[in-house]
Chemist: 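Here it is, the structure, as structure tokens.
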Number of protein chains: 2
Amino acid sequence: MSVQERKQRERAERERLIVATARELAEQQGWDAVTTRRLAERIEYSQPVLYSHFRGKREIIGAVALQGATEMAVAMRAATAAADGPRARVHALARAYLAFAERNPAVYDAIFQLDGGLAYAREDTPEPLKDAFAALLESLGEVAGDGVEPGLFTEVFWASLHGVTTLTRSGRLPPEETERRVRLLVDRLPVV
Amino acid sequence: MSVQERKQRERAERERLIVATARELAEQQGWDAVTTRRLAERIEYSQPVLYSHFRGKREIIGAVALQGATEMAVAMRAATAAADGPRARVHALARAYLAFAERNPAVYDAIFQLDGGLAYAREDTPEPLKDAFAALLESLGEVAGDGVEPGLFTEVFWASLHGVTTLTRSGRLPPEETERRVRLLVDRLPVV
DNA sequence: CTTCGTTGTCTAGCGGTGCTAGGGTCGAGT
DNA sequence: ACTCGACCCTAGCACCGCTAGACAACGAAG
């Protein structure tokens, strides 16, 4: 028994190592640099070991996405907890969202851009993703306004933040004005 | 002279063929399926011929993006021309934007997601991209509201549409509610 | 009309990718 | 002490973007 348990522990530890290494490599050099060979070399195992933990590269991205979503939810809740009043909460939320994306671009991509094989917006959506959306909903739902479903409002505000994030990071929007763009969204979309 | 001219014509014709074929293949099977080998086979030339027209795959994506941006500007202007009043124009614009993205997903990606080696938001930005932004600006600038630069407002509205588009297409937002999301943006962001 | 040189295209190949088949090693359980 | 199964590695597949170098076709010059 004890031997099996030790092996299971070691296996789980190695899986964490894979995910952490993939994330690290992605943040350092971008997801294109995360190849199965490089990843295998960094964890000091051969390539096929990766496939005994994950079906393929896609699932590794998915694992990073789930980890990231959990952290992002925490970050957003921490930011909104300190804010006073609905609009201030929304503002704090938006800034936290953009800050997370800027500090963890590769993780952000794993969650919101890349294909990690995850189900979104469904019943079988993984808990971390649901929870990240819930974190958005907690602050945005209260400013949806009459006749607008909180969920729908949250989706729209989220999409706007996502658009600003991705267009800015790909060089399609000049980064200097980000704060003014956010203020415009926070001023106009919510109903307080 | 005439011989050289004929060769130039043929060369230009072949370049159009490459771009059209890349676009077609991308729309049919996605950009991942657009490999230099497949593309070469479809135009019935060898791979190196592609490299006598474009520096690499990236530039081919860029060429598709420019072509698409031109078409998109035309589509948006056509949609807004028929609309009556500022808010109706914005609504028509938004619907035209999303319709273009839905009908030409690969082209949309070439313009707004992939790296086509193009400069955005700068003086040396290619004319088609500037013009597509100008088409947005024409309808959105007039509803920016007091104290908000038309350009900034356009960027924000555009980013919101982009967010809705990409999140929906990647399965992160359920597609059924798109129309309601657009209406929310059109109701709240502009100042009429 | 022949020769030369340029222009254009092709074949072949480089180093990389994600992924997998199959063999060998090593250690746990009898 | 031996068997057997779990585990991991080497090697290789088919594909990728891209390029070097051979070769053919053709206009210009003698």
Side-chain angles (χ1 to χ4, degrees), chain A residues 1-19 21-23 25-26 28-65 106 109-110 114-118, chain B residues 1-19 21-23 25-26 28-65 106 109-110 114-118:
Chain A
M1 280 304 155
S2 165
V3 170
Q4 284 188 11
E5 284 173 7
R6 194 202 68 221
K7 288 203 172 184
Q8 269 192 341
R9 263 203 324 273
E10 287 172 355
R11 222 187 123 71
E13 179 52 39
R14 194 173 59 182
E15 190 158 317
R16 274 192 294 275
L17 178 63
I18 292 172
V19 175
T21 306
R23 175 175 176 166
L25 195 48
Q28 284 172 358
Q29 311 182 36
W31 277 106
D32 280 352
V34 183
T35 69
T36 54
R37 279 176 235 283
R38 251 192 289 260
L39 191 48
E41 197 193 2
R42 285 228 186 174
I43 64 168
E44 294 179 310
Y45 282 95
S46 68
Q47 271 180 288
V49 166
L50 300 174
Y51 291 86
S52 76
H53 288 272
F54 302 95
R55 284 177 177 278
K57 190 181 171 180
R58 181 202 296 212
E59 271 197 8
I60 297 177
I61 294 173
V64 172
D109 285 346
L114 300 176
D115 177 11
L118 304 173
Chain B
M1 278 305 155
S2 166
V3 171
Q4 284 188 12
E5 283 174 9
R6 193 203 68 220
K7 289 203 172 183
Q8 268 191 343
R9 263 202 326 271
E10 286 172 355
R11 223 187 121 71
E13 179 52 38
R14 193 173 60 183
E15 190 158 315
R16 272 192 295 275
L17 178 63
I18 292 171
V19 176
T21 306
R23 175 175 176 167
L25 195 47
Q28 285 172 357
Q29 311 184 36
W31 276 106
D32 280 351
V34 183
T35 70
T36 53
R37 278 173 235 279
R38 251 191 288 259
L39 191 48
E41 197 193 1
R42 285 229 185 172
I43 64 168
E44 296 180 307
Y45 283 95
S46 70
Q47 269 180 288
V49 166
L50 299 174
Y51 291 86
S52 75
H53 289 272
F54 302 95
R55 283 177 179 277
K57 189 181 171 178
R58 181 203 295 215
E59 272 198 7
I60 297 177
I61 294 173
V64 172
D109 285 346
L114 301 176
D115 178 12
L118 303 174

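Lettering follows sequence order; numbering is per chain, from 1.
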Chemist: Closest to the Pro48(A) side chain: dC18(D), dC16(D), dT10(D)?
Modeler: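 The listed nucleotide nearest to Pro48(A)'s side chain is dT10(D).
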Chemist: For Leu50(B) and Thr36(B), work out which heavy atoms get closest and say how close.
Modeler: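 Minimum heavy-atom contact is CD1-O, 3.4 Å.
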Chemist: What is the minimum heavy-atom distance between Ala40(B) and Ser46(B), and which atoms define it?
Modeler: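 So the two residues come closest at CB-C, 3.7 Å.
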Chemist: In whole angstrom, give the distance that lies between atom CG of Leu50(A) and atom C1' of dG18(C).
Modeler: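 To the nearest whole Å, that distance equals 11 Å.
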Chemist: Any salt bridge (Lys or Arg N to Asp or Glu O under 4.0 Å) involving residues 28-41 of chain B? Give me the pairs, sequence neighbours left out, ordered by first then second residue.
Modeler: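 Of all non-adjacent pairs touching residues 28-41 of chain B, none passes salt bridge (Lys or Arg N to Asp or Glu O under 4.0 Å).
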Chemist: Do you know which two heavy atoms are closest between Val64(A) and Ala110(A), and how far apart they sit?
Modeler: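 Heavy atoms of Val64(A) and Ala110(A) come nearest at CG1-CB, 4.2 Å.
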Chemist: Given dC19(C), dT19(D), dA21(C), identify the nucleotide with an atom nearest to the side chain of Gln47(A).
Modeler: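 It is dC19(C).
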Chemist: Could you tell me how far apart Glu15(A) (CD) and dC7(D) (C1') are, to the nearest whole angstrom?
Modeler: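 It is 16 Å, rounded to the nearest whole Å.
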Chemist: At under 4.0 Å, does any side-chain N or O of Arg14(B) touch on OP1 or OP2 of dG8(C)?
Modeler: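 For Arg14(B), the contact criterion (side-chain N or O under 4.0 Å from OP1 or OP2 of dG8(C)) is not met.
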Chemist: Tell me, which of residues 36-46 of chain A have any heavy atom that sits under 4.0 Å from an atom in DNA chain C?
Modeler: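 Thr36(A), Arg37(A), Arg38(A), in order of number.
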Chemist: Roughly, in whole Å, what's the span from CZ in Arg9(B) to C1' in dG8(C)?
Modeler: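 Answer to the nearest Å: 18 Å.
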Chemist: Would you mind reading off the distance between Leu25(B) atom CG and dC16(D) atom P, rounded to a whole angstrom?
Modeler: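 So the two atoms are 11 Å apart, to the nearest Å.
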Chemist: Can you tell me which residue pairs pass the salt bridge (Lys or Arg N to Asp or Glu O under 4.0 Å) test with a partner in residues 45-61 of chain B, sequence neighbours excluded?
Modeler: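 Listed by first then second residue: Arg55(B)-Glu59(B), Arg58(B)-Asp115(B).
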Chemist: Taking atom P of dG18(C) as reference, at what distance in whole Å does atom NZ of Lys57(A) sit?
Modeler: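 Rounding to the nearest Å, NZ of Lys57(A) and P of dG18(C) are 5 Å apart.
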Chemist: Tyr51(A) has an atom OH; how far is it from atom P of dT17(C), in whole Å?
Modeler: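 Roughly 11 Å, once rounded to whole Å.
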Chemist: In whole angstrom, give the distance that lies between atom CD1 of Ile60(B) and atom C1' of dC16(D).
Modeler: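 One finds 14 Å between C1' of dC16(D) and CD1 of Ile60(B), rounded.
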Chemist: Rounded to the nearest Å, what distance is computed from the CZ atom of residue Phe54(B) to the P atom of nucleotide dT19(D)?
Modeler: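 Whole-Å distance recorded here is 15 Å.
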Chemist: Would you find more than 12 non-hydrogen atoms of other residues, nucleotides or ligands less than 6.0 Å from Glu44(B) atom CD?
Modeler: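 It does not: Glu44(B) CD has 12 such atoms or fewer within range.
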Chemist: Between Ala63(A) and Phe54(A), what is the shortest heavy-atom contact and its length?
Modeler: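 Taking Ala63(A) first and Phe54(A) second, the nearest heavy atoms are CB-CE2, 3.9 Å.
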